[in-house]
There are 2 protein chains.
Amino acid sequence: MNAKSDRIPADERRVQILDAAVEVFGRYGYAAATTDRVAKGAGISQPYVVRMFGTKEQLFIETLGHTLARLLRTFRAALAEADAEGLSAEARLGAAYLELVGDRGVLLTLLHGFMMGADPAIGPVARGGFFEVYRMLRQEAGFTPEQARSFLAEGMLINTLIGLDVRPTDDLATAELLACTFGDDVPESFERSIA
Amino acid sequence: MNAKSDRIPADERRVQILDAAVEVFGRYGYAAATTDRVAKGAGISQPYVVRMFGTKEQLFIETLGHTLARLLRTFRAALAEADAEGLSAEARLGAAYLELVGDRGVLLTLLHGFMMGADPAIGPVARGGFFEVYRMLRQEAGFTPEQARSFLAEGMLINTLIGLDVRPTDDLATAELLACTFGDDVPESFERSIA
DNA sequence: GTCTATATAGCGATAGAC
DNA sequence: GTCTATCGCTATATAGAC
């Protein structure tokens, strides 16, 4: 509104930029995403984005950390709930994953990061993040290796369906696979088309 | 060697370019891949690549078709073999998938394509390719929806492990997941580092 | 804390010769 | 069938003002 209110603390601006970055990196991937789109998403100028994070690469690395933290937070909350209500960790974590599907940016940003293992700077971060999830499943959720592998595999299939931008109405095979993957209630984010 | 022998038929050149493109798109993804790298891989000039395929986008679409055809060919050969030797289609297709892992470019190009569902030109091609595989599993391999979903999920996890550029020596969690995914013989392509 | 202006580099695509 | 030369766009990053 007024000119002065546009000046906000750096910490707060940082989070706004990271939130915008999750959307942009998720939609376009690392290479096709532009710092300008992130800036527009955060409502600031492109050079300011770069000023805050140094480089686009560094922004992506911090965005990966941001999304990973959110994933782990969601999973840990689900585990606590399963504990309190005596539900199985497996079922409760599956439901938690579906919550995350609602926000396409999170899972797609992670998957795009996972595809960059060959990148010297981003690869180690991506591997570290992936296996942090694996360790959480094994140690905190009490999964066996087979349970953890199966959980991750199902997750990657769901990520792929999001990345494909699959819609329930596409055709018979599509409807069948979506029904088989999600059961009765296909996440609503599959029904809207991308803005 | 001699100057004249460098002139080869367009059809043959096309295949050379597509083979180079599979490697490059697999390694860098669509956006970060350059027509110049593809050209160097095929041993020709960058403008000639563009000349042959019109645009980089069109090159990617044809590369997707090329890799998908190879995937389906491998699967169908495995099915024929399973038929002849009385093996289960599920086990034989799993083994066929592992053959494809040896050539990182194929599976990574496909996965990069699957991540581009939101792209107006590439999205429809990627979805079509993915569900062509699904239909093959259901109709030709005789999989139930659950078997097909599970097979695809395991495949996507393997693709992700390739994309992450995971190495067996990384740490305990890594070794455990690789052992759990591949059993005794982890594909050798996981042991070499990328060139 | 934030912007405008701009330097700089890389890449896809075109023109045209051989 | 293939190359060299080059245009023009886009995008990251820097400089410096407010």
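Below, each value reflects all heavy atoms present in this structure, side chains not excepted, and no hydrogens, waters or symmetry copies. The chains referred to below are lettered A, B, ... by the order of the sequence lines, with proteins before strands, and numbering in each begins at 1.
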Pair Y30(B)-E57(B), side-chain donor/acceptor within less than 3.5 Å: no
Closest-nucleotide 5' rank along DNA chain D - winner of T35(A) and P9(B): P9(B)
How is A31(A) classified with respect to the nucleic acid when contacts are heavy atoms under 4.0 Å: base, sugar-phosphate, or nothing? nothing
Hey, what do you get for CG (L98(B)) to CG (D185(B)), rounding to the nearest 0.5 Å? 8.0 Å
Could you identify which residues of residues 44-56 of chain B place a heavy atom less than 4.0 Å from some atom of DNA chain C, listed by residue number, or say none? Q46(B), P47(B), R51(B), T55(B), K56(B)
Contact summary for C180(A) and R149(B), nearest pair of heavy atoms: SG-NH1, 3.3 Å
Of all nucleotides in DNA chain D with an atom under 4.0 Å from a non-hydrogen atom of chain A, which is the first and which the last going 5' to 3'? dA11(D) to dG16(D)
Are more than 12 heavy atoms from other residues, nucleotides or ligands located less than 6.0 Å from atom CZ of R135(B)? yes
Between D119(A) and Y28(B), a side-chain donor and acceptor under 3.5 Å: no
For F182(B) and F190(B), take the angle between the two ring planes, folded into 0 to 90°, and tell me which bin it lands in: parallel under 30, tilted 30 to 60, perpendicular over 60. tilted
Are E62(A) and R14(A) within salt-bridge range, i.e. N to O under 4.0 Å? yes
Over all strands shown, is A32(A) touching base, sugar-phosphate only, or nothing at heavy-atom distances under 4.0 angstrom? nothing
Residue pair Y134(A) / E176(B), side-chain donor-acceptor N/O under 3.5 Å: yes
